[in-house]
Amino acid sequence: MPPAGRPAPYGAPPSGYGPPPGYRYPPGQQPYPQGQQPYPGRSPYPAAQQYAAPQPYGPPGRPPQRKRGGGGIATVLVVLVLVVAGLVVRGALSASKPGGHIDSGARYTYTSEAPPAPGNGKDSGTAGVAATGTNPLLADPGSPLSPAHCDYAPWGTQVDVARKFFTSAAACLEQAWRPVLAAAKLPFTPPKLNVTATTAGITTPCTGSSSNFAAFYCSADQTIYMPISQLQTDMFQNHWEVYLSVFAHEYGHHVQAQSGIMAAANKQRRDAGVNSPGGLEVSRRIELGANCFDGMFLAATSGGGSLTAAQTTITRKDAYGRGDAPGDMRDHGTSQHMGDWWSAGFDDDRTAQCNTFTAAATDVS
């Protein structure tokens, strides 16, 4: 459920959203297969990497599952568009499984930092105020993101084309977030972007040379990694609004790092034990907070006229399709909570409404 003070959870997603009743993901195709990291990934911290360099922050638990979604659409035309889109996603989902944002069997996540490896330097997220629930960014009444008209470059799966798309999105995200951090008297430096065809050959301070990850943010080098092969483009095809939402979630982790939230949360998780119940709860609070920031940006770019009502409904459905699947490490949150916190950001558009760190444990399960 969203922050205290809001009416009791947003409730179950509209009927018809999510996997069909009784649906079970095929073995090995849960949003983020165990051992997979990032935002869609299963546990962002593979056992062999738990105490290595910081691990990536990525999309919520599972790869995009079936998109679940948000509010109804007023016109019959939009409804028809959504029905068609839903059928496409439904068919894709029966063949592949949902995951952290993008269901490629990898999860999107953040770099939940384990102690930095020797020579790794200090956590780059310490530039702001090292605090979670009391961080200036989350203080009442909070700041909104101004409507942003964004000239997104065309989407395409070729590396150069995808890089231009994410670069244009990064420019818009910076335009939206920089003033908010400035208002909270917090520093802001844009993240770096690494767009590749696959994960092969990528080495990061957060994952080492492992290729077992999806889209994620690594605070050790302030970089968002977007391997195209992990975006489940076979399922979402040209629905670039889904890839934008994944990217906005990862950018939300960068905002957490810049504000100092991530550094404080990572310390809390290490102190509790990375994979202990307390440590996993901290991870869920981080992920759900980034999902709320994701919703805020989607609302801003929609308000600026860069997304249609149909597209925002699809992204809301996607938010309700993320989350920890059965058998996953409980580090991202349920699909209900993933969707509820995304909706809190989208509907309320205030950073204070994204304060997952003061929410009841039952609202971040």
Taking atom types as modelled, find out whether S245 and R322 have a side-chain donor-acceptor pair closer than 3.5 angstrom.
-> yes

For N238, does the CG atom have more than 12 heavy-atom neighbours from other residues, nucleotides or ligands under 6.0 Å away?
-> no

Output field: ring centroids W240/F166 closer than 6.0 Å | no

Tell me yes or no: between the side chains of Y320 and D340, is some donor less than 3.5 Å from an acceptor?
-> yes

With no hydrogens and no angle check, do the side chains of H239 and Q311 hold a donor and an acceptor under 3.5 Å apart?
-> no

D221 versus Y217, side-chain donor and acceptor atoms under 3.5 Å = no

Would you check if there is a donor-acceptor pair between the side chains of T223 and N194 at a distance under 3.5 Å?
-> no

State, to 0.1 Å, how close V282 and A265 come at their nearest heavy-atom pair, and which atoms those are.
-> CG1-O, 3.3 Å

Do H149 side-chain atoms and G305 backbone N/O form a donor-acceptor pair below 3.5 Å?
-> no

Are side-chain N/O atoms of T132 and Q268 paired as donor and acceptor at under 3.5 Å?
-> yes

Could you tell me whether a side-chain N or O of Q258 sits under 3.5 Å from a main-chain N or O of T189, the two making a donor and an acceptor?
-> yes

Give a yes or no on whether the ring-centroid distance for W177 and F293 is below 6.0 angstrom.
-> yes

Of F236, Y243, F247, which meets ring-ring contact (aromatic ring centres under 6.0 Å, His included) against W155?
-> Y243

Scanning both residues in full, the closest heavy-atom pair of A215 with M226 reads CB-SD, 3.6 Å

Please determine, by modelled atom types, if Y152 and T301 share a side-chain donor-acceptor pair under 3.5 angstrom.
-> yes

Residue list, side chain to side chain donor-acceptor pair (under 3.5 Å) with T334, at least two apart or on another chain | H337

